[in-house]
Amino acid sequence: MAIRVGGQAFLSLRSVWQRWFLWVLLAVLVSALLVTVVWLAGRHEAEQVQAALDRDTADAAADLRAGLQRNVQSLHALQSPGLDPERWATESTALMRGHREWLRLEWRDRTLRTVAAADTPYRVRHFDDDSRRSAQSDVALACASARKTDGAAYSPSHYVALPDSGGIEVMELCLPTEGGDYLIATYTLRDVLIELVAPTLRRGQEVSLTEPDGTRLASVGTARRSGSRVFSTQQLIDLPGAALVLRVDGWRAAPDVFPNLLTGLVTAISIALVSVLVLLARDTRRRLRAENELADTLAFRKAMEDSVITGLRARDLQGRITYVNPAFCEMVGFSAEELIQAGTGEAPYWPTELAHEYQKRQTLRLAGGMPPREGFESVFMHKDGSRFPVLIFEAPLINAHGVQTGWMSAFIDVSEQRRVEELSRATQERLQASARLATVGEMASLLSHELTQPLAAIASYASGSLNLLQGAKGDGAEVAMAVRRIAEQADRAGQVIRSVHDFVRRRDRTREPVVPQALIDAVLPLVRLQARKLGVRIDLVLADALPTVLCDRTLVEQVLLNLARNAMQAMDMPELRERVLTLRVTRAGRIGAPDAPADMRQWLAFSVADIGSGISPDVAERLFTPFFTTRADGMGLGLSLCRTVVEQHGGVLMHEPHHPRGTIFRFTLPIA
């Protein structure tokens with residue numbers, strides 16, 4: 001049992017997995033596709049932003065190199081006619097106004113001693129001779145490199161502390177002159193970024209100069225905001241004697257999931273796809289629920305069709321069989337496939353001798369003729385050739401659009417009903433014959449009873465006459481002989497009557513134990529036949545655990561049948577709408593009869609009650625008198641016979657009013 005339950009659970013789990021596997025796989029694939037598309041779109045946009053930043057940084061690096069080169073050319077222009085102390089102040093001051101990135105411009109001799117100097121007009125003076133000596137090594141190195149290459153050379157950057165702020169990062173440019181002197185320009189790296197780099201590069205980004213090892217020297221632009229995404233790029237500024245790196249950091253505000261139209265479009269399509277999947281899943285769920293309900297309905301319908309014993313058949317408008325239920329197949333002995341494949345010709349279950357008649361009836365039906373609502377009887381043929389009667393009910397088959405598509409027929413095999421009716425008829429005839437025999441016996445008994453007394457009187461008178469004629473001679477002797485012959489014939493007639501009486505009473509030896517239900521069941525079909533004609537309803541009331549009774553079954557059945565018929569005839573009145581016949585069997589109680597048996601516990605009481613007109617007192621006095629009847633066609637022996645039969649069993653038959661109307665006949669029988 002546990003293995004079977006486990007197997008059913010495994011099959012159920014397998015069915016659920018097979019049903020939902022494709023949906024789970026589809027959902028996983030769609031989710032992976034959506035994530036991949038969004039990731040690729042974001043990556044594409046990031047690459048575009050990075051490429052634009054690289055391009056702008058490269059342009060800024062080129063601008064920076066060009067600006068430094070232009071500054072070198074400006075220094076060449078300053079010394080082109082030769083350095084003149086008198087013109088130095090004017091020309092150097094004008095040059096410093098045009099170059100904000102310069103902090104100081106110096107004219108030094110070949111020993112690097114300062115000949116003249118000019119400071120930028122845009123800042124307070126930061127250098128004095130003492131502070132400049134601290135940077136002498138870097139300047140000397142740059143000038144040595146410049147002299148060696150006969151061109152401009154730059155010193156490494158260095159930090160200059162300021163008294164009122166933190167300080168600035170500076171770098172010197174050394175350019176040798178034709179006279180062996182040097183022109184030294186001091187750059188502030190922050191002003192280099194401001195003056196030589198396009199302002200648009202600083203918009204929303206941070207631009208900085210760093211050492212090749214990443215040490216930040218100076219920066220301008222927008223500082224990094226919290227929650228932003230960083231895009232960084234850098235370009236090497238390789239200067240003679242020094243190397244700088246131009247670094248640009250771009251900030252992108254968070255979130256950065258759907259940054260552009262392409263991603264938004266992909267997202268919208270993805271949402272639409274997910275919505276379609278949700279709607280498809282909902283529709284599939286509704287379809288599965290409808291399929292399950294339909295399967296349950298079909299299973300319920302099939303169970304009903306398999307359980308009914310009524311044959312069902314559906315035909316289309318051309319007369320082809322489209323459906324038969326198992327009961328119909330069992331009824332005719334053909335399978336459903338054989339019946340459906342039979343076509344529009346003669347049905348295989350039509351009797352050969354009636355096929356022509358059935359064909360005409362089917363043609364009339366297909367032409368639009370309506371069958372009788374109450375049905376009609378016909379005869380079908382089983383596959384083995386046997387015939388059986390059926391009761392047929394037909395109705396048009398209407399589809400959901402109100403159009404007739406064929407005919408639906410129901411068949412009831414009435415073979416058993418006909419057999420029961422035949423058996424009931426035979427039983428009725430047997431009971432009627434028994435009734436006639438019993439009547440004859442009763443009449444013989446009555447006649448013997450009535451004739452015994454006059455025969456006894458004749459015998460007595462004959463004996464008296466013989467006593468008077470005893471000793472007579474002549475004619476007296478002959479008279480005595482005649483009287484003796486009369487006495488002998490009267491005695492012989494008495495013997496014949498006693499023989500008949502003994503023959504009638506011999507039925508007492510046929511008593512047997514009988515169940516009360518069997519007595520009721522034996523007469524009930526006959527009672528129902530008459531009750532159906534008169535519209536009488538029959539109520540049966542049998543107490544529980546009733547014992548058997550010892551009786552002559554045939555005679556007692558005749559008593560029950562006679563009492564039931566009398567009761568139904570008593571209710572045959574047009575004004576009586578509701579007619580009820582009650583048959584009741586109980587253990588006998590005190591019934592009030594003067595000659596009732598003393599021990600009532602050994603008896604069963606059978607009662608037949610009606611709700612007819614009742615029995616008047618004058619009729620009640622002569623009710624059991626032989627040959628007394630209130631019906632024109634009655635013999636007046638029924639109740640007398642019933643009482644005789646009951647009394648022969650030791651019981652008693654009586655009647656009493658049935659309240660509120662009617663009569664109850666009750667008789668008792670001994671328990672076996």
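Note that this is a predicted model, so its numbers are computed, not measured. Counting begins at 1 with the first residue of the sequence.
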Could you tell me whether Tyr349 and Phe328 have their ring centroids closer than 6.0 angstrom? yes

Tell me whether Tyr461 at atom OH has more than 12 heavy atoms from other residues, nucleotides or ligands lying less than 6.0 Å away. no

Would you find a donor on one side and an acceptor on the other, under 3.5 Å apart, between the side chain of Asn467 and the backbone of Ala462? no

Testing the basics here: between Asp521 and Pro525, what is the closest heavy-atom pair and its distance to 0.1 Å? O-CD, 3.1 Å

Counting only N and O atoms by type, is there a donor-acceptor contact under 3.5 Å from the side chain of Arg537 to the main-chain atoms of Thr582? no

Any pair counted as side chain to side chain donor-acceptor pair (under 3.5 Å), so long as it reaches residues 390-403, sequence neighbours left out: Arg313-Glu394, Arg315-Glu394, Arg365-Glu394, Glu394-Ser409

Would you say CZ of Arg622 has more than 12 non-hydrogen atoms from neighbouring residues, nucleotides or ligands within 6.0 angstrom? no

For a 4.5 angstrom cut-off between non-hydrogen side-chain atoms, does Thr322 reach Trp407? no

Within the distance-only criterion (no hydrogens, no angle test), does the side chain of Arg387 pair as donor or acceptor with the backbone N or O of Gly385 below 3.5 angstrom? yes

With a 4.5 Å limit on heavy-atom distance, are the side chains of Asn325 and Val308 in contact? yes

When you measure from the side chain of Arg579 to the backbone N and O of Met571, does any donor-acceptor pair fall under 3.5 Å? yes

Side-chain donor/acceptor of Ser386 to backbone N/O of His382, under 3.5 Å: no

For the residue pair Val483 and Ser465, what are the closest heavy atoms and their distance? CG1-CB, 3.6 Å

Is it the case that more than 12 heavy atoms not belonging to Asp544 sit under 6.0 Å from its CG atom? no

More than 12 heavy atoms of other residues, nucleotides or ligands under 6.0 Å from NE2 of His356: is that the case? no

Please work out whether the ring planes of His655 and Phe665 are parallel, tilted or perpendicular, with thresholds of 30° and 60°. tilted

Is there side-chain contact between Ile412 and Val390, with at least one heavy-atom pair below 4.5 Å? no

Got a salt bridge between Glu357 and Arg361, using NZ or NE/NH1/NH2 to carboxylate O under 4.0 Å? no

Within-4.5 Å side-chain heavy-atom neighbours: Leu669 and Val556: yes

Output every pair passing side chain to side chain donor-acceptor pair (under 3.5 Å) with a member in residues 297-309, not counting sequence neighbours, ordered by first then second residue. Arg301-Glu305, Lys302-Asp306, Glu305-Tyr323

Do Asn562 and Gln558 meet the criterion of a side-chain donor-acceptor pair at a distance under 3.5 Å? no

So does Arg553 pair up with Glu512, basic N to acidic O under 4.0 Å? no

Closest non-hydrogen contact found for Leu563 with Leu639 is CD2-CD2, 3.8 Å

Around Glu353, counting heavy atoms of other residues, nucleotides and ligands shown, do more than 12 lie under 6.0 Å from its CD? yes

Using a 4.5 Å cut-off on heavy atoms from C-beta on, say whether the side chain of Val527 contacts that of Met568. yes

Is a side-chain N or O of Glu647 found less than 3.5 angstrom from the main chain of Thr644, in a donor-acceptor match? no

Sequence neighbours left out, what passes side chain to side chain contact (heavy atoms under 4.5 Å, CB included) with Ala336? Give chain and number order. Val324, Cys329

Are Phe411 and Phe393 an aromatic pair, judged by ring center distance below 6.0 Å? no

Heavy atoms only: give me the nearest Arg661-Gly612 pair and the separation to one decimal. NE-O, 3.2 Å

Taking CZ in Arg577 as the centre, count heavy atoms belonging to other residues, nucleotides or ligands within less than 6.0 Å. Is the count above 12? no

I'd like to know if the side chain of Thr668 and the backbone of Val652 have a donor-acceptor N/O pair within less than 3.5 Å. yes

So, Arg418 and Glu421, do they make that salt bridge, N to O below 4.0 Å? yes

Count the heavy atoms of every other residue, nucleotide or ligand shown that sit under 6.0 Å from CD of Glu291, and state whether that count exceeds 12. yes

Tell me whether His649 contacts the main-chain N or O of Asp552 through its side chain, where contact means a donor paired with an acceptor under 3.5 Å. yes

Would you indicate whether Glu330, at its atom CD, is surrounded by more than 12 heavy atoms from other residues, nucleotides or ligands within a distance under 6.0 Å? no

